[in-house]
Amino acid sequence: MLSRRELLKSSFMLSTAGLLVPKALLAKVDPALLGTAVKELPEGTLEEQILEALPGKKPLIKKTFRPPNYETPVEYFNEVFTPNNAFFVRYHLSNIPEVDARTWKLTISGDAVEKPMELTLEDLKTKFEQVEVAAVCLCSGNRRGLMKPHVPGIQWGYGAMGNARWKGVRLKDLLNRAGLKANALEVVVDGADTGVAAGTPDFIKSIPVWKALDENTIIAYEMNGEPLPHWNGFPARLVVPGWTATYWIKHITSIQVVSKPYDGFWMKTAYRIPLNKFPVVQRFLSQETAVNTPITEIMVNSLITNLKDGQTFRLGQLIEVKGIAWDGGYIIKKVEVSTDGGKTWQEAELGKDYGRYSWRQWFYRFKPAKKGTYTIMAKATNSIGQTQTFELIWNPAGYHHNVVHTINIKVV
Ligand SMILES: Nc1nc2c(c(=O)[nH]1)N[C@H]1C(S)=C(S)[C@@H](COP(=O)(O)O)O[C@H]1N2
Ligand SMILES: [Mo]
């Protein structure tokens with residue numbers, strides 16, 4: 001008879017080899033896509049870092065299946081706009097209905113609205129000015145898996161983000177049509193997804209009225225020229241350029257303008273950062289407490305996208321370092337690259353500008369003079385002087401990781 005310990009061990013191996021990792025699925029996808037996946041994840045996480053395709057999506061790095069949480073392999077970030085079928089997927093709740101665009105309705109109501117209204121998708125497309133904005137959709141917890149000490153939550157690597165052209169209507173135009181009362185304080189948004197277990201708090205978020213009235217804040221029904229994929233919020237989602245994606249409610253069904261701070265779980269308890277730890281310009285004052293505040297703006301950040309850790313080059317070869325840089329909308333001023341582990345820095349060339357909320361590509365070329373290991377780093381700075389950190393700004397929920405990205409390559 002097997003001892004309890006042996007039993008545990010054998011069932012663990014069985015699940016790793018056979019159940020958790022469906023071999024047929026692994027065989028179909030290019031394992032090289034995992035080449036840039038984060039290696040410093042907590043013990044046990046890496047074995048489960050497998051590629052799997054949701055319906056309509058390319059194989060993405062699976063974090064959890066229920067609710068679906070899948071990150072984009074870094075290779076896709078070599079393109080300015082992230083393909084819809086490779087765009088990351090993040091959900092808090094498992095009951096995600098397939099919304100029928102013909103019967104879908106968006107309601108606008110709340111105690112601070114003059115004329116509550118109901119809009120169809122056709123109304124959005126025909127009764128308001130159509131606008132488009134290029135913007136980074138970035139999960140607050142992107143790179144959480146790199147936090148030391150580790151924190152609970154989805155152990156994201158580098159890929160809980162994407163850049164897209166979002167087309168739709170200004171939230172401001174909808175709110176003006178409905179009419180705001182003078183006491184309007186926050187705009188509360190809800191989507192069609194719900195929790196499976198009774199008592200799971202619905203995923204509802206609020207933004208301050210001034211941010212809702214920003215001309216870049218839109219209700220989008222198109223992404224990169226196509227209808228939103230189901231997994232990214234079909235038929236319409238909120239897009240809040242410059243702010244982390246927690247506010248970008250998918251499958252949006254209701255907008256309420258209220259005169260009191262909204263106190264649901266996902267505002268009051270989750271998605272908060274300690275006060276005064278991060279250089280935040282746009283604050284959400286009606287939700288601030290004496291100790292913490294809702295996460296708002298995206299921190300300045302960058303990523304090397306074309307190199308893999310341990311990649312080998314021949315002496316004499318010209319090496320291209322390529323990547324992306326972004327922030328909360330203050331405009332990337334420069335990206336500096338180091339090839340000697342941070343001793344010296346050189347400015348990279350910036351790619352085409354697609355607007356302040358899009359990420360910006362950058363390029364740097366160098367020819368190593370001798371054989372050895374080269375530690376490549378990239379550091380972005382924006383036009384208000386914010387830059388990336390070398391020391392992690394640790395926080396309990398694992399948000400805003402913007403530590404300088406480092407990759408070691410070999411020249412032989
Ligand atoms: N309806 C709904 N919208 C949502 C969420 C959700 O759980 N439900 N998660 C938010 C969070 S935290 C993130 S990071 C983004 C992810 O957008 P994506 O799945 O299109 O990549 O959706 C946001 N909108
Ligand atoms: Mo998120």
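Numbers for residues simply follow the sequence, beginning at 1. Whatever order the structure lists them in is the order used to number ligands and atoms, beginning at 1.
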* Hey, are E52 and K62 close enough for a salt bridge, meaning a charged N less than 4.0 Å from a carboxylate O? -> yes
* Any N or O of K250 closer than 3.5 Å to N or O of ligand 1 -> yes
* Would you please indicate if the ring centroids of H92 and W266 are separated by under 6.0 Å? => yes
* **Atoms of ligand 1 close to Y271 [distance to a heavy atom under 4.0 angstrom, numbered from 1]** => 12 (S)
* Answer yes or no: is there an ion pair linking K63 with E71, defined by an N-O contact shorter than 4.0 Å? => yes
* Asked: Is ligand 1 less than 4.0 angstrom away from at least one heavy atom of R237?
  -> yes
* To do: Would you mind telling me if ligand 1 is within reach of the side chain of D193, the backbone, both or neither, using heavy atoms under 4.0 Å?
  => side chain
* Give the numbers and elements of all ligand 1 atoms closer than 4.0 Å to a heavy atom of C139. => 14 (S)
* Y247 to ligand 1, any heavy atom closer than 4.0 Å -> no
* Asked: Closest non-hydrogen protein atom to atom 21 (O) of ligand 1, residue and atom name please, with distance?
  -> F88 O, 2.7 Å
* To do: If you have a sec, work out which protein heavy atom is nearest atom 13 (C) of ligand 1 and how many Å separate them, to one decimal?
  => A245 O, 3.5 Å
* Asked: Starting from atom 6 (C) of ligand 1, which protein heavy atom do you reach first, and at what distance in Å?
  -> F203 CD2, 3.5 Å
* W248, portion touching ligand 1 at heavy-atom distance under 4.0 Å -> backbone
* To do: Indicate the ring-plane relationship of F87 and W166, choosing parallel, tilted or perpendicular according to the 30° and 60° boundaries.
  => perpendicular
* If we only count heavy atoms from C-beta on, is the L185 to P261 side-chain gap below 4.5 Å? -> yes
* **Nitrogen or oxygen atoms of H92 and ligand 1 under 3.5 Å apart** => yes
* Structure fact -> V89 heavy atoms within 4.0 Å reach ligand 1 at atoms 19 (O)
* Indicate the ring-plane relationship of W243 and F284, choosing parallel, tilted or perpendicular according to the 30° and 60° boundaries. => tilted
* Mind checking whether Y70 contacts ligand 1 via backbone (N, CA, C, O), side chain (CB onward), both or neither, at a 4.0 Å heavy-atom cut-off? => neither
* Asked: Are K334 and E349 close enough for a salt bridge, meaning some N to O gap below 4.0 Å?
  -> no
* To do: Find out whether K57 and N232 are in side-chain contact, i.e. whether some heavy atom of one side chain is under 4.5 Å from a heavy atom of the other.
  => yes
* **The one among R90, M161, K205, M223 that brings a heavy atom closest to atom 16 (C) of ligand 1** => R90
* Regarding R356 and the six-membered ring of Y330, is the cationic atom NZ or CZ under 6.0 Å from the ring centre and inside 45° of its axis? -> no
* Near Y91, which atoms of ligand 1 are under 4.0 Å from a heavy atom of that residue? -> 7 (O)
* Structure fact -> Near N232 (heavy-atom distance under 4.0 Å), the atoms of ligand 1 are 18 (P), 19 (O), 20 (O), 21 (O)
* To do: Determine whether L175 and I255 make a side-chain contact, defined as any pair of heavy atoms from C-beta on separated by less than 4.5 Å.
  => yes
